[in-house]
Amino acid sequence: MTTNVTTVPAYAAPAANAPLERTTVPRRPVGEHDVLIDIKFSGICHSDIHQARDGWGEGIFPMVPGHEIAGIVAEVGPGVTKFQVGDRVGVGCFVDSCRTCEYCLQGLEQYCTGGMTGTYNALDKNGEPTYGGYARHIVVDENYTLRIPEGIALDEAAPLLCAGITLYSPLAHWQAGPGKKVAIVGLGGLGHMGVKIAHALGAEVTVLSQSLKKQEDGLKLGADHFYATSDPATFTELAGTFDLVISTVSAPLDFGAYLSLVKTDGALVNVGAPEEPVALNLFSLIGGRKTLAGSMIGGIAETQEMLDFCAAHGLGAEIEVIDADRINEAYERVLASDVRYRFVIDASTI
Ligand code: NAP
Ligand code: ZN
């Protein structure tokens with residue numbers, strides 16, 4: 001058994017805005033508590049595009065995106081107790097955190113005060129850049145590795161590691177369930193998992209999409225209602241309707257308009273990460289004691305809970321599996337809201 005994985009094939013953006021291309025990147029040797037994962041599938045999240053094009057700033061290049069990783073354990077370090085060679089595993093948006101702050105201790109590692117270590121576009125504790133899932137292998141500490149239950153295919157599981165948990169966490173926190181009216185804004189990678197999970201939780205689910213093009217899909221995914229936000233009548237008809245509205249939109253949005261759809265004491269939770277700030281008239285919050293909140297992915301324990309929930313309810317992502325040489329084309333289609341509903345890279349083509 002070798003413990004020295006020095007370089008692995010990967011797809012990287014060599015510089016901001018440059019197309020992704022095939023390359024190799026270094027991987028650390030398998031340490032005491034590490035697992036070496038043979039990556040089978042890697043989802044394409046809109047966050048990959050924001051970062052590969054340096055839309056959030058301070059990007060580290062060359063950048064290997066990918067934080068929706070599904071694969072098989074190929075090797076374990078001597079101190080590993082949770083996983084064995086052959087296990088089906090996943091990795092999400094972070095691969096380490098301080099492990100001692102109040103949030104890490106509560107299982108909210110995503111809000112680590114020291115800053116969690118991103119799966120890519122970050123520096124690890126040794127100051128080395130991290131490289132993500134658009135690669136053949138990754139080495140990850142077992143404590144930041146998830147178990148993918150039997151019953152979810154690995155390709156359909158990959159997007160759960162970011163899109164799934166990013167919607168599961170606020171749906172759970174704001175108690176979506178029977179008797180609750182939930183709206184999901186934007187039917188893309190995150191949004192379609194939001195519809196599936198909110199429906200499985202028993203909520204009455206409405207999709208708010210730019211047009212009615214995805215209506216048939218939305219209803220099949222579990223939505224009870226579907227409206228086009230391009231139609232001003234939607235905002236009149238749905239005023240004061242929802243306990244919870246979750247926006248997954250990647251571009252700046254008129255949050256005032258969406259707050260008008262929230263009931264008194266309800267919440268508008270934003271999970272989208274647009275590159276530009278938004279303006280808000282605060283009267284849209286005070287009339288109705290409304291909450292405007294944000295939410296970022298989920299902790300390790302909650303991510304495992306989400307995977308187990310999805311397996312129990314037969315939920316995976318709706319995917320289009322692509323070869324790695326189509327990543328740049330897939331990015332353009334995501335930007336055009338033309339994804340049904342997550343691109344997943346077949347890592348064997350990298
Ligand atoms: P996506 O697949 O592109 O989905 C976004 C959807 O938003 C689109 O399909 C589209 O749906 C809608 N949309 C796009 N542009 C719009 C516009 N200008 N106005 C109104 N609606 C628009 O992206 P994603 O992967 O789901 O990610 C969505 C956002 O969440 C990104 O900004 C991403 O970085 C962020 N994100 C945040 C977290 C977190 O932890 N908070 C985690 C992952 C991703 P319709 O066609 O239905 O309108
Ligand atoms: Zn993501």
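For the numbers below, each heavy atom of this structure counts, side chains included, while hydrogens, waters and symmetry mates do not.
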| Sequence neighbours excluded, which residues qualify as salt bridge (Lys or Arg N to Asp or Glu O under 4.0 Å) partners of Glu216? | Lys220

| query | With sequence neighbours excluded, what pairs up with Tyr11 under the ring pair (Phe, Tyr, Trp, His ring centres under 6.0 Å) test? | reply | none

| side chain to side chain donor-acceptor pair (under 3.5 Å): pairs with one or both residues in residues 117-127, sequence neighbours excluded | Asp48-Tyr120, Gln51-Tyr120, Gln51-Asn121, Asp96-Lys125

| note | By side chain to side chain contact (heavy atoms under 4.5 Å, CB included), Ser211 pairs with (sequence neighbours left out) Lys213

| said: By the salt bridge (charged side-chain N to carboxylate O under 4.0 Å, His left out) test, which pairs, at least two apart or in different chains, include something from residues 248-260? | reply: none

| message | Once salt bridge (Lys or Arg N to Asp or Glu O under 4.0 Å) is applied, do any residues pair with Glu320, and if so which ones, sequence neighbours excluded? | response | Arg326, Arg333

| said: Tell me every residue that passes salt bridge (Lys or Arg N to Asp or Glu O under 4.0 Å) with Lys40, counting only those two or more places apart in sequence or in another chain. | reply: Asp38

| Excluding sequence neighbours, so at least two apart, what forms side chain to side chain donor-acceptor pair (under 3.5 Å) with Ser169? | Glu302

| note | Members sharing Leu208's hydrophobic cluster, built from side-chain contacts under 4.5 Å between Ile, Leu, Val, Met, Phe, Trp and Tyr, are Val185, Tyr227, Phe235, Leu238, Phe242, Val245, Val249, Leu253, Phe255, Tyr258, Leu259, Leu261, Val262, Leu268, Val278, Leu280, Leu282, Leu285, Leu292

| note | residues 128-142 vs salt bridge (charged side-chain N to carboxylate O under 4.0 Å, His left out), sequence neighbours excluded, gives Arg99-Asp141

| request: Among residues two or more places apart or on two chains, list those pairs meeting side chain to side chain donor-acceptor pair (under 3.5 Å) that have a residue in residues 183-196. | output: Lys196-Glu318

| Qualifying side chain to side chain donor-acceptor pair (under 3.5 Å) pairs, either residue in residues 269-278, two or more places apart | His50-Glu275

